[in-house]
Peer 1: 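Have a look at this one before I ask anything.
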Protein chains: 2
Amino acid sequence: MAEIVDISSGESPVPAPARTLADNVFDQLRSAIVGGEFAPGSKINEPQLAERYGISRGPLREAIRRLEGCKLVEIKPNVGAKVVSLNGLQAIEIYEIRESLEGLACRLAAARATAADCESLRNLLAQHELQIESENGRRYYQQEGDLDFHFQVVHLSGNQRLIQLLCGELYHLLRLYRAQTSSQPSRPEQAFREHHRIVDAIEEQDGELAEILMRRHIANAKAMLISQLKQSDT
Amino acid sequence: MAEIVDISSGESPVPAPARTLADNVFDQLRSAIVGGEFAPGSKINEPQLAERYGISRGPLREAIRRLEGCKLVEIKPNVGAKVVSLNGLQAIEIYEIRESLEGLACRLAAARATAADCESLRNLLAQHELQIESENGRRYYQQEGDLDFHFQVVHLSGNQRLIQLLCGELYHLLRLYRAQTSSQPSRPEQAFREHHRIVDAIEEQDGELAEILMRRHIANAKAMLISQLKQSDT
DNA sequence: CAGCCTAATATTGTCGACAATCTGGAAATA
DNA sequence: TATTTCCAGATTGTCGACAATATTAGGCTG
């Protein structure tokens, strides 16, 4: 269907990254899983999916192995792959790791961010402020806008492995959890204020404070999640 | 060659986990890479390896995709996989992440560890004390014993995803780096003392202190690494 | 009717072959 | 001689077929 075209104007310095069928199917499957198109715990049927994407089982199996690496599916030998089903406990585990790693990211970002970087963060927050007023925007902010902010901060850390770990793996799992549970964090105003404080600290190159604020920010979200879980359990 | 046998005495509760060829080759390749049997940056030749392990390229390619997920090889489309070559900068990135995550692990471990767990840690340290006296033991302690301790502490955290992340991925990368650079941390006595302090804090269920001590412990190792790198650069 | 055994079916695991792409070196040209 | 072009070899990407294993459906027995 969609042809691979060069978006950038003129000839790009990178002559179009050669992509294999397994690569493409990996991306499509990941989007589908993270987007909630597959029910949690549902089985991955190889012949069926191979037909759906018009490829043979070879590349498909390689794509599935890569999904396993991202922890998006679980594979049992001679049985097959299932879409992971995240329960509340596992979500809390992820929040604990985020709390720790994004604190680190903030500390590093405070030491590296330029004035332009900080302005870019402010712009993102201003954008969020506009969107937060409408109900649709509020919903957007809660679901994706929050991750956008964290995404950008993490990229300022400069630690490539940290960036890959958070943006390439953990955030996909978070999206999956939100899609599977349709949970709404529902504290946009407070989160918005906390985001601003974090940018303040980064702008002042106060890494220690930035780390503390980010950890507290995520700890707050975790506490909210825990209280929701307790409520739905009883 | 080596047959798969049940190590445990009597019939095991788990009736031997079915393993596929790709699984076995993945384990063997990972050990070989982490053990330094492949030169850093060396190319992975599929037909050659398939012959060596007596399997076809299909399962081998799946094993390679899983190695890519562990960040032990890098794959370029139409070119092939290479064993990762970790430079000093990347090693520092890993230490930064360890500092953060193992601090978390310690805090969690302090809240969960039983008396028996603590005694087990003490036993491990006592073992290390015996080994540390001989030159061979010193070498062992520096290379593997240190990771043994961290491995055990991390397992006490109870956070499954954290355990998998540290013990299933990052530690393998550390071993790879040590094998590739033949670097010796060379501060066994200090590290040994720090390990004891960490166990003290865990035993007293002082999670905050345990986190601080572990972070400092790894920060010390990171500082040592950085000074070594500067020395070898000039 | 419940439970178990058995056979038929479906799915995963593995293999060998072919197509597409990259790599290295020889030959031709300036 | 330096550079470019092109070809042959090697390697990766993809496919379809077969073998091994798991799952399901049906019938049998108690």
Side-chain angles (χ1 to χ4, degrees), chain A residues 1-4 6 12-30 32-33 38-39 41-69 72-84, chain B residues 1-4 6 12 14-30 32-33 38-39 41-69 72-85:
Chain A
M1 294 292 171
E3 273 206 22
I4 300 169
D6 190 359
S12 60
V14 184
R19 287 183 69 79
T20 178
L21 288 186
D23 289 335
N24 289 326
V25 170
F26 169 74
D27 286 346
Q28 295 185 58
L29 271 179
R30 185 173 62 180
I33 292 175
F38 292 88
S42 65
K43 195 163 171 344
I44 300 281
N45 189 306
E46 291 183 7
Q48 179 183 320
L49 277 185
E51 165 122 14
R52 170 168 165 183
Y53 291 111
I55 63 174
S56 85
R57 282 177 51 222
L60 176 65
R61 283 172 67 86
E62 293 182 14
I64 294 175
R65 289 307 175 285
R66 289 181 56 185
L67 290 174
E68 184 193 22
L72 288 173
V73 304
E74 289 170 351
I75 300 179
K76 272 195 214 168
N78 292 317
V79 175
K82 285 172 174 247
V83 177
V84 294
Chain B
M1 291 294 173
E3 273 206 25
I4 301 169
D6 190 359
S12 59
V14 184
R19 288 182 68 78
T20 178
L21 289 187
D23 289 336
N24 290 326
V25 170
F26 169 74
D27 285 346
Q28 295 184 58
L29 270 179
R30 185 173 62 179
I33 291 175
F38 291 88
S42 64
K43 195 165 173 340
I44 301 282
N45 189 305
E46 291 182 8
Q48 178 184 322
L49 277 185
E51 163 122 11
R52 170 169 164 182
Y53 291 110
I55 63 174
S56 84
R57 282 177 51 219
L60 177 65
R61 283 172 66 88
E62 292 182 14
I64 293 175
R65 289 305 175 284
R66 289 180 56 185
L67 290 174
E68 184 193 21
L72 289 174
V73 304
E74 290 168 350
I75 300 179
K76 273 193 212 168
N78 292 316
V79 175
K82 286 174 173 243
V83 176
V84 295
S85 176

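Order of the sequence lines sets the chain letters (A, B, ...), proteins ahead of strands, with each chain counted from 1.
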Peer 1: Look at the side-chain N and O atoms of A/R19 and state whether any lies under 4.0 Å from the OP1 or OP2 oxygen of C/dA20.
Peer 2: no
Peer 1: Report which part of the nucleic acid B/L60 touches: base, sugar-phosphate, or nothing (heavy-atom distance under 4.0 Å, all strands).
Peer 2: nothing
Peer 1: Rounded to whole angstrom units, what separation is found between the CG atom of B/N24 and the C1' atom of C/dT14?
Peer 2: 14 Å
Peer 1: Let me know the distance between NZ of A/K76 and C1' of D/dT21, rounded to the nearest Å.
Peer 2: 14 Å
Peer 1: Give the nucleotide from the list D/dT12, C/dC22, C/dT14 with an atom nearest to the side chain of B/N45.
Peer 2: D/dT12
Peer 1: Taking only residues at least two apart or on different chains, which pairs with a member in residues 41-54 of chain A satisfy side-chain hydrogen bond (donor to acceptor under 3.5 Å, both in side chains)?
Peer 2: A/E46-A/R57, A/E46-A/R61
Peer 1: Which part of the nucleic acid, if any, lies within reach of B/I75 when heavy atoms closer than 4.0 Å are counted: base, sugar-phosphate only, or nothing?
Peer 2: nothing
Peer 1: Flag the pair B/T20 / B/E62 as yes when at least one side-chain heavy-atom distance between them is below 4.5 Å, and no otherwise.
Peer 2: no
Peer 1: Side chain of B/L21: nearest nucleotide among C/dT14, D/dT12, C/dT11?
Peer 2: C/dT14
Peer 1: Please report, rounded to the nearest Å, how far the C1' atom of D/dA10 is from the CG atom of B/N78.
Peer 2: 14 Å
Peer 1: Is any side-chain heavy atom of B/P59 closer than 4.5 Å to one of B/V25?
Peer 2: no
Peer 1: Can you tell me the distance, in whole Å, between the CG atom of A/D23 and the P atom of C/dA20?
Peer 2: 18 Å
Peer 1: Is the phosphate of D/dT14, meaning OP1 or OP2, less than 4.0 Å from a side-chain N or O of A/T20?
Peer 2: yes
Peer 1: How close do A/P77 and B/A18 get, counting heavy atoms only, and between which atoms?
Peer 2: CG-O, 3.1 Å
Peer 1: Taking all non-hydrogen atoms of both residues into account, name the closest pair between B/A32 and B/F38 and its distance.
Peer 2: CB-CE1, 3.5 Å
Peer 1: Counting only heavy atoms and a strict 4.0 angstrom limit, can you tell me which residues of residues 46-57 of chain B come near DNA chain D?
Peer 2: B/E46, B/P47, B/R57
Peer 1: Which of the following nucleotides, D/dT14, C/dC22, D/dT11, is nearest to the side chain of B/R61?
Peer 2: D/dT14
Peer 1: State, to 0.1 Å, how close A/V73 and A/I64 come at their nearest heavy-atom pair, and which atoms those are.
Peer 2: CG2-O, 3.8 Å
Peer 1: Taking only side-chain N and O atoms of A/K43, does any of them lie within less than 4.0 angstrom of OP1 or OP2 on C/dT12?
Peer 2: yes
Peer 1: Which heavy-atom pair separates A/L72 from A/I33 by the least distance, and what is that distance?
Peer 2: O-CG2, 4.4 Å
